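Report on one structure; see the data block that follows.
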Amino acid sequence: MQDNSYAQLLEAHGVKPTANRIIIVKALSQAGAPMSMKELEYSILSLDKSSIFRTLTLFRDHHLVHTIESGDGGVRYELCKSHDNNIDDDEHVHFYCEQCHKTYCLYDTLIPQVPVPEGFLPNSANYILRGICPHCRK
């Protein structure tokens with residue numbers, strides 16, 4: 001993806017494209033998997049932790065990133081594939097490998113519908129499977 005494509009993605013989600021925001025979107029896009037805050041810090045040495053965190057919060061509010069539980073008690077951030085700043089239309093299941101501690105996106109596995117009692121209005125779902133990934137099973 002070119003930097004102007006990242007800028008267009010930000011604009012599609014109602015976020016003003018700045019140099020720092022483009023750097024963060026690019027890092028998330030190139031990672032190919034959900035990233036922890038620490039992983040983002042190590043991959044973007046030119047930005048401080050608070051700038052990255054504030055930007056991720058802005059991205060989450062504009063449905064540009066998902067926040068998911070990583071399976072080890074932490075939080076990971078994943079670039080949304082949706083092109084709407086009002087809804088997340090690409091929610092999917094994640095798999096946490098208990099051996100290598102990586103979180104994988106299972107894009108073709110949708111989060112199952114869960115009936116909730118009357119009066120409850122869910123906004124999102126976080127569905128994570130835990131086990132051993134194919135690489136670690138070898």
Side-chain angles (χ1 to χ4, degrees):
M1 216 181 207
Q2 304 262 339
D3 283 355
N4 63 346
S5 297
Y6 295 121
Q8 290 171 353
L9 180 62
L10 288 165
E11 288 173 344
H13 284 268
V15 177
K16 181 180 178 183
T18 65
N20 288 351
R21 292 172 183 170
I22 290 170
I23 290 169
I24 294 170
V25 166
K26 187 175 184 177
L28 288 167
S29 176
Q30 292 177 344
M35 296 180 78
S36 69
M37 184 68 185
K38 188 168 285 199
E39 290 168 333
L40 273 168
E41 286 178 69
Y42 288 133
S43 71
I44 308 171
L45 298 174
S46 62
L47 298 177
D48 62 58
K49 182 178 183 174
S50 62
S51 295
I52 295 170
F53 184 76
R54 281 192 311 272
T55 301
L56 289 171
T57 301
L58 174 71
F59 287 178
R60 188 194 64 224
D61 292 345
H62 286 265
H63 301 279
L64 185 56
V65 295
H66 296 294
T67 55
I68 60 168
E69 295 172 18
S70 62
D72 62 358
V75 174
R76 291 187 173 266
Y77 300 88
E78 175 185 20
L79 195 61
C80 291
K81 304 293 185 200
S82 73
H83 297 289
D84 192 320
N85 64 343
N86 294 314
I87 59 167
D88 295 335
D89 61 5
D90 66 337
E91 290 183 334
H92 52 272
V93 173
H94 294 88
F95 186 93
Y96 174 76
C97 180
E98 295 171 322
Q99 191 164 335
C100 66
H101 307 287
K102 288 186 179 179
T103 302
Y104 297 88
C105 295
L106 305 180
Y107 291 112
D108 295 331
T109 307
L110 299 177
I111 294 175
Q113 291 289 340
V114 177
V116 295
E118 188 175 329
F120 288 88
L121 179 64
N123 290 324
S124 66
N126 188 350
Y127 198 93
I128 189 158
L129 300 170
R130 297 171 59 103
I132 307 297
C133 71
H135 177 75
C136 290
R137 286 187 63 201
K138 291 181 182 179

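Since we're looking at a predicted model, the values are computed, not measured.
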State, yes or no, whether a side-chain contact exists between [X] and [Y] at a heavy-atom distance under 4.5 Å.
| X | Y | answer |
| --- | --- | --- |
| L79 | L9 | yes |
| L56 | L40 | yes |
| V75 | M37 | no |
| T103 | E78 | no |
| V25 | F59 | yes |

What distance separates [X] [atom1] from [Y] [atom2], expressed to the nearest 0.5 Å?
| X | Y | atom1 | atom2 | answer |
| --- | --- | --- | --- | --- |
| K49 | I44 | NZ | CD1 | 14.0 Å |
| I128 | Y96 | CD1 | OH | 8.5 Å |
| N20 | L47 | CG | CG | 4.5 Å |
| S5 | I22 | OG | CD1 | 10.5 Å |

Report task. Give a yes or no on whether I23 and Y77 share a hydrophobic cluster (residues Ile, Leu, Val, Met, Phe, Trp, Tyr; joining criterion: side-chain heavy atoms under 4.5 Å apart). Result -> yes

Query raised in the report: Under a 4.5 Å side-chain heavy-atom rule over Ile, Leu, Val, Met, Phe, Trp and Tyr, are I68 and L129 clustered together?
Result: no

Requested in this report: Kindly check if the number of other-residue, nucleotide or ligand heavy atoms within 6.0 Å of CZ (F95) is above 12?
Outcome: yes

Report summary line: Sequence neighbours excluded, the answer for side chain to side chain contact (heavy atoms under 4.5 Å, CB included) partners of Y42 is K38

Ignoring hydrogens, what is the shortest heavy-atom contact between [X] and [Y]? Give both atom names and the distance.
| X | Y | result |
| --- | --- | --- |
| G14 | H62 | O-CE1, 3.5 Å |
| E39 | P34 | OE1-O, 4.0 Å |
| M35 | A31 | SD-CB, 3.3 Å |
| V116 | P122 | CG2-CD, 4.1 Å |
| R21 | L10 | CB-CD1, 4.0 Å |

Requested in this report: Could you walk me through whether T55 and T18 pass the side-chain contact (heavy atoms from CB on, under 4.5 Å) test, one step at a time?
Outcome: CA-CA 10 Å; T55 301; T18 65; over 6 Å; no

Report task. Only counting residues at least two apart or in another chain, list the ones meeting side chain to side chain donor-acceptor pair (under 3.5 Å) with D48. Result -> S50, S51

**Report entry** Donor-acceptor contact present, side-chain H13 to main-chain H63, <3.5 Å
**Finding:** yes

Side-chain atoms of residues 131-138: list all donor-acceptor pairs with protein atoms under 3.5 Å, sequence neighbours left out, distances to 0.1 Å.
none

